[in-house]
Amino acid sequence: MRVLGLMSGTSADGVDAVLAAFEGPPRRPRWRLLSRASHPYPAELQRQITAIGQGAPCSASELLELGEAITEGQAAAARACDPTGQAALVGCHGQTLWHRPASEERPGNSWQLLQGPRLAERLQRPVVFDFRAADLALGGQGAPLVPAADAALLPAIGGWRALLNLGGIANLTLLPPASGPDRQRPVLGWDCGPANTLLDLAVQRFSDGRLRFDTDGAWASRGRINESRLHRWLQEPYLRQPPPKSTGRELFGAEDLERRLAELEADALQAGAPLQPEDALASLTAFSAAVVAQDLAASPAPLELLVAGGGARNRLLMGELQRRCRGLQVRPLAELGIGDSDREALAFALLAWWHALGVPGSLPAVTGARRAAVLGVCAHPPGRQLPPRSAASGGSAP
C-alpha cells in the first residue's frame with residue numbers, strides 16, 4: 001500500500017512529506033521510500049504558531065484561521081511529494097500547539113491543530129490524524145510515538161541501537177539487540193529535552209528576526225561554552241526524571257530561554273564582560289548535546305547513535321554529541337537511506353497504515369499507557385472509504 005506521511009514538528013518551520021510503500025507483515029514490513037518533499041511555513045505563520053503555543057492571546061477567529069493555514073500547508077506538502085496522487089492513504093501528525101504530559105495530579109493531553117476533513121477533501125484521500133489521543137485516554141504520555149515505527153522499519157543489530165531525532169525537542173529510541181540476554185527487552189524511548197527550540201529562539205532574538213536558525217552551527221562555533229552553567233542546568237527536574245516522559249515548548253520555550261540567557265549574562269558579567277551572542281549560542285548548542293549524553297549514560301549502552309532531524313545538519317551540535325557520548329559511534333540516519341527530515345514523516349505514514357489494518361501503534365513501555373492502542377482518527381473525503389484490510393496489507397494477515 002502506498003501511504004503519504006506528513007510531519008510538522010516543534011520547530012514549526014514547515015511540513016516534511018514522504019511517500020512510502022508498505023507490504024507484508026505489519027510489524028516487520030517490506031518498505032520503500034518513493035519520494036520526499038518539504039514545504040516551509042511562511043515566517044509569519046511560524047511566528048503565530050510559536051506565539052500562540054506559548055500563551056499569546058488570540059481570538060477564536062484567529063485560531064480558526066490558523067487551523068486553516070496549517071491545513072493548507074499540509075496539503076501543499078502532500079501535493080509536492082505526491083503530485084500524481086499515488087497514495088491510497090495519508091497519515092498527518094498536524095501541528096502541536098500545546099502538550100501536557102501526564103502527571104500524578106492530572107492526565108496528559110495534547111493538541112495537534114489540523115482540520116482533518118478539510119485535508120481529506122483537498123487531497124481526495126482518507127486522512128488519519130489525531131494520533132496521540134488514544135494513548136492519552138489510556139493514561140499514556142501520548143509521546144513519543146516514533147519508537148514503534150523505528151522498531152518496525154530498522155533491523156536489530158548485535159547490541160542496543162539508539163536513534164536520536166534533533167527537531168525542536170531531542171527524543172531517543174533504544175532498540176534491543178538481535179541476540180543475547182537483552183533481546184526480549186522492550187523498545188525504549190522518551191523526550192530528552194531541547195534540541196533546536198531554545199537555539200532557534202535565541203538566533204531569532206540575537207538577529208532581530210533576520211535569521212530563523214543557526215545554519216550549520218556557524219554562529220555558535222565562534223563562541224565559548226559555559227560548562228559550569230551546563231552542569232547546573234543538567235540537574236533540573238525534567239532532565240533528571242526517568243522515562244516515560246515527554247516535553248515540548250511548554251517547558252523549553254521563550255520563558256525558559258530568557259531565564260537561561262539571564263543566567264549566562266550573570267556569569268559573563270561576573271567574569272568581567274557582557275554576554276556575547278556567539279557564547280550564548282555555543283552554550284545552548286552544547287546543552288542540547290549534553291541532555292542526550294546524560295540520558296544515554298543512564299540507559300542500556302548502545303553500540304551506535306543514529307541521528308536525524310534538522311539538528312543533524314548542525315556541525316557543532318553533531319561534534320558536541322560525539323565529544324560528550326564517549327566511545328559511541330555517532331552517524332547520520334541518512335546513511336541507512338532515511339534522510340534527516342524523513343524519519344518522522346515516514347513514521348506517521350506507517351502509523352496510518354497500521355490504523356487501516358487495525359494494528360496497535362503505541363508502545364506502553366515508551367508512553368506509560370495501560371495498554372497498546374490503534375492510533376488515529378480517519379477522515380474520509382465524500383464518497384471515499386478505506387480499502388479493505390486485506391488490500392491494505394498487500395494480502396498478508398496483520
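These figures come from a predicted structure and were not determined experimentally. Residue numbers count from 1 along this sequence.
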To the nearest 0.5 angstrom, please state how far the [atom1] atom of [X] sits from the [atom2] atom of [Y].
| X | Y | atom1 | atom2 | value |
| --- | --- | --- | --- | --- |
| Asp150 | Leu145 | CG | CG | 11.5 Å |
| Leu328 | Leu303 | CG | CG | 8.5 Å |
| Gln241 | Leu239 | CD | CG | 9.5 Å |
| Arg249 | His99 | CZ | NE2 | 14.5 Å |
| Ser35 | Gln86 | OG | CD | 7.0 Å |
| Lys245 | Ser103 | NZ | OG | 15.0 Å |

Test question: given the 4.5 Å side-chain rule for I, L, V, M, F, W and Y, name all other residues clustered with Leu6, or answer none.
Leu4, Val15, Leu19, Leu34, Tyr41, Leu45, Ile49, Ile52, Leu63, Leu66, Ile70, Val90, Leu97, Trp111, Leu113, Leu114, Leu119, Leu123, Val127, Phe129, Val377
Compare every heavy atom of [Y] with every heavy atom of [X], then report the nearest pair and how far apart it is.
| X | Y | value |
| --- | --- | --- |
| Gly311 | Met318 | O-CG, 4.1 Å |
| Gly140 | Ala102 | O-CB, 4.1 Å |
| Ala301 | Trp160 | O-CB, 3.8 Å |
| Ala282 | Ile225 | O-CG1, 3.7 Å |
| Glu320 | Ala286 | OE1-CB, 3.8 Å |
| Leu164 | Ala170 | CD1-CB, 4.1 Å |

Exercise: do Gln141 and Thr367 side chains pair donor with acceptor under 3.5 Å:
no
Distance-only polar pair, side chains of His39 and Arg79, donor-acceptor under 3.5 Å:
no
Please state whether the rings of Trp353 and Phe22 are parallel, tilted or perpendicular, taking 30° and 60° as the class boundaries.
parallel
Is a salt bridge present between [X] and [Y], judged by a nitrogen-to-oxygen distance below 4.0 Å?
| X | Y | answer |
| --- | --- | --- |
| Glu263 | Arg232 | no |
| Arg36 | Asp342 | yes |
| Glu121 | Arg118 | no |
| Glu265 | Arg259 | no |
| Arg229 | Glu236 | no |

State, yes or no, whether a side-chain contact exists between [X] and [Y] at a heavy-atom distance under 4.5 Å.
| X | Y | value |
| --- | --- | --- |
| Glu23 | Pro29 | no |
| Ser283 | Leu230 | yes |
| Val146 | Asn171 | no |
| Leu172 | Leu163 | no |
| Leu333 | Val307 | no |

Heavy atoms of other groups near [X] [atom1], more than 12 under 6.0 Å:
| X | atom1 | result |
| --- | --- | --- |
| Glu255 | CD | no |
| Arg371 | CZ | no |
| Gln270 | CD | no |
| Arg32 | CZ | no |
| Arg326 | CZ | no |

Does [Y] offer a backbone N or O that forms a donor-acceptor pair with the side chain of [X] under 3.5 Å?
| X | Y | result |
| --- | --- | --- |
| Thr10 | Gly168 | no |
| His355 | Leu375 | yes |
| Gln95 | Gln112 | no |
| Trp190 | Pro144 | no |
| Ser38 | Asp16 | no |

Hey, could you give me each pair passing salt bridge (charged side-chain N to carboxylate O under 4.0 Å, His left out) that has a residue in residues 303-318? Not counting sequence neighbours.
Arg161-Glu304, Asp216-Arg315, Glu304-Arg331, Arg313-Asp340
Going by side-chain hydrogen bond (donor to acceptor under 3.5 Å, both in side chains), name the residues that satisfy it together with Arg28, two or more places apart in sequence or in a different chain.
none
Membership question, hydrophobic clusters at under 4.5 Å side-chain separation (ILVMFWY): are Phe213 and Leu317 in the same one?
no
